[in-house]
Amino acid sequence: MSTRTQNALRTDGALWAAVDAEAAREERQLELIASENHASREVMAAMGSVLTNKYAEGYPGRRYYGGCEHVDVVEDLARERAKQLFEAPAANVQPHSGTQANMAAILALVGPGATILSLSLDHGGHLSHGHPKNFTGIYFKIESYGVEQASERIDMDRVRERALAVRPQILLAGASAYSRTLDFPAFASIARECGAKLLVDMAHIAGLVAAKVHPTPVGHADIVTMTTHKTLRGPRGGLVLSDAETMKKVNSALFPGVQGGPLMHVIAAKAVALREAQAPAFADYQRRVVENARALAAELGARGLRIVSGGTDNHLMLVDVSSTGLSGKQAEDALGQVDLTCNKNLIPYDQKPPMQASGIRLGTPAITTRGLGVAHMATLAGWIADVLAKPGDEAVTQRVRGEVAELARAFPIYPHGA
Ligand code: DSN
């Protein structure tokens with residue numbers, strides 16, 4: 001659709017002003033939130049297509065509505081591409097989000113009241129792995145494992161001890177703020193030993209796994225869940241992988257278990273993203289994401305900022321900002337002033353409450369998508385260190401914001417418009 005046609009359709013001034021402002025914000029700021037990315041225009045076009053009009057409860061070939069012949073093609077394309085990309089026997093592309101993928105996976109494996117052993121939220125876990133106010137915390141018995149205080153890494157011997165002590169029905173591996181390689185064969189061995197099912201939520205690292213930059217959980221886990229919008233760089237949504245038998249249970253746990261009609265326009269966008277992820281350029285992108293993260297962590301370390309666990313193996317890092325005298329919240333705000341967007345984050349064994357926190361989480365997926373490379377990471381680390389050393393200082397803020405704007409302009413996200 002031409003820009004002129006799009007403009008002609010824009011009758012809702014207040015709404016489109018906010019959308020345009022968001023597009024300008026994304027272009028102007030450098031996005032360091034580890035769970036965000038910039039999807040391609042083709043992904044976004046699929047989400048804006050007529051498929052949003054279609055009800056298609058059920059699965060391809062077995063729908064509760066007529067007129068599904070074309071959306072069946074779309075969903076089959078998405079499922080097949082997911083299976084090929086992750087070398088998995090079966091896929092479900094309908095989850096509206098990662099949390100709904102996790103709901104379906106858990107309900108496919110166990111009933112309410114079962115014990116789930118997962119990474120503690122305070123040590124990098126996720127809300128849908130057991131927060132008291134999440135469905136997991138409400139309907140299941142949650143036990144947790146953590147990272148070691150000295151190494152700030154998961155020690156698989158300790159996970160095994162916990163698993164043998166609490167005897168979970170589900171052992172859950174996966175994290176939102178953990179920068180080290182997850183040992184899926186070891187998780188699988190522990191699950192087998194204590195009679196648990198292994199659920200891996202690889203939301204953060206799905207793109208890395210697709211590119212073989214992080215070892216895959218497929219073949220080790222009973223069920224693998226993910227989101228499609230983080231390193232995988234697709235539309236917002238979830239996806240589930242398993243063997244064919246388990247997938248029958250996942251399918252009915254998802255629909256009619258926890259969802260109604262699938263979002264066919266989003267499934268179309270997932271199909272586009274999964275095709276993009278099969279291209280050699282995507283593997284190259286994921287390698288650069290990890291190289292950039294390693295370089296950024298090293299440069300921040302050289303500027304005196306402590307990186308949790310001493311570095312990173314993936315796309316993100318936790319930076320302990322205690323040495324600056326700031327909380328994570330204050331650091332997030334100070335960096336926001338210079339158009340560097342990130343989020344405050346608890347660090348392991350944090351003494352501060354979650355809304356303050358002692359750390360920030362930084363990720364390289366989005367800045368790598370717009371083209372920044374290893375050579376830019378020293379500059380970026382310099383800006384971060386300068387701002388955190390003098391938060392709110394007018395001269396530093398002005399200078400860094402100007403330099404960030406210049407670099408952002410040199411690397412547009414959507415050179416032909418969003
Ligand atoms: N909120 C996501 C993240 O930032 O990691 C996880 O759902």
Side-chain angles (χ1 to χ4, degrees), residues 26 29-39 95-106 116 118-137 142 144 147 154 172-182 199-209 214 217 223-240 258-259 266 270 273 286 289-290 293 308-309 312-319 328-329 331-332 335-336 340-348 350 354-355 357 359-369:
E26 290 187 21
Q29 301 188 340
L30 293 179
E31 184 56 72
L32 296 169
I33 294 177
S35 49
E36 294 189 12
N37 213 327
H38 304 295
H96 302 334
S97 72
T99 292
Q100 282 181 287
N102 284 340
M103 283 183 94
I106 290 168
I116 299 173
S118 58
L119 179 63
S120 153
L121 188 58
D122 297 353
H123 288 198
H126 188 251
L127 289 173
S128 68
H129 299 177
H131 187 280
K133 292 191 174 173
N134 178 262
F135 80 96
T136 40
I142 303 300
S144 58
V147 299
I154 296 169
L172 209 169
S176 280
Y178 185 67
S179 64
R180 295 301 181 176
T181 301
L182 291 167
L199 170 58
V200 171
D201 177 350
M202 65 170 188
H204 262 266
I205 56 171
L208 276 58
V209 169
H214 188 292
I223 301 183
V224 176
T225 62
M226 72 194 84
T227 48
T228 47
H229 50 274
K230 296 187 177 89
T231 48
L232 199 51
R233 207 166 57 182
R236 304 197 74 78
L239 202 155
V240 186
V258 299
Q259 285 189 181
V266 178
K270 288 175 187 172
Q286 298 294 343
V289 165
V290 174
V308 168
S309 87
T312 178
D313 300 327
N314 59 25
H315 63 298
L316 66 78
M317 69 212 69
L318 282 179
V319 186
K329 167 86 175 90
E332 174 193 308
L335 293 171
L340 298 174
T341 317
C342 69
N343 63 278
K344 63 184 170 299
N345 215 101
L346 290 175
I347 60 172
D350 209 322
M355 292 309 284
I360 52 174
R361 185 184 65 162
L362 303 179
T364 53
I367 56 171
T368 307
T369 290

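Quick caveat: nothing in here was measured; it's all calculated off a predicted structure. Start at 1 and go down the list; that is how both ligands and their atoms are numbered.
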Checklist entry - Listing by chain and number, which residues have a heavy atom under 4.0 Å from ligand 1? => result S35, H126, S176, H204, K230, R361
Item to check | Option passing side chain to side chain contact (heavy atoms under 4.5 Å, CB included) with Y178 (candidates L316, I154, T312) | outcome: I154
Are any side-chain N or O atoms of [X] and backbone N or O atoms of [Y], one a donor and one an acceptor, separated by less than 3.5 Å?
X	Y	value
Q259	H96	yes
R233	P365	no
K329	P354	no

Checklist entry - If you take all heavy atoms of D313 and R180, which pair is closest and at what distance? => result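 Looking at all heavy atoms of both residues, the closest pair is OD1-NH1, 2.9 Å.
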Checklist entry - With side chains defined as the heavy atoms from C-beta onward, is the minimum distance between H204 and N314 less than 4.5 Å? => result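 Side-chain contact under 4.5 Å: no.
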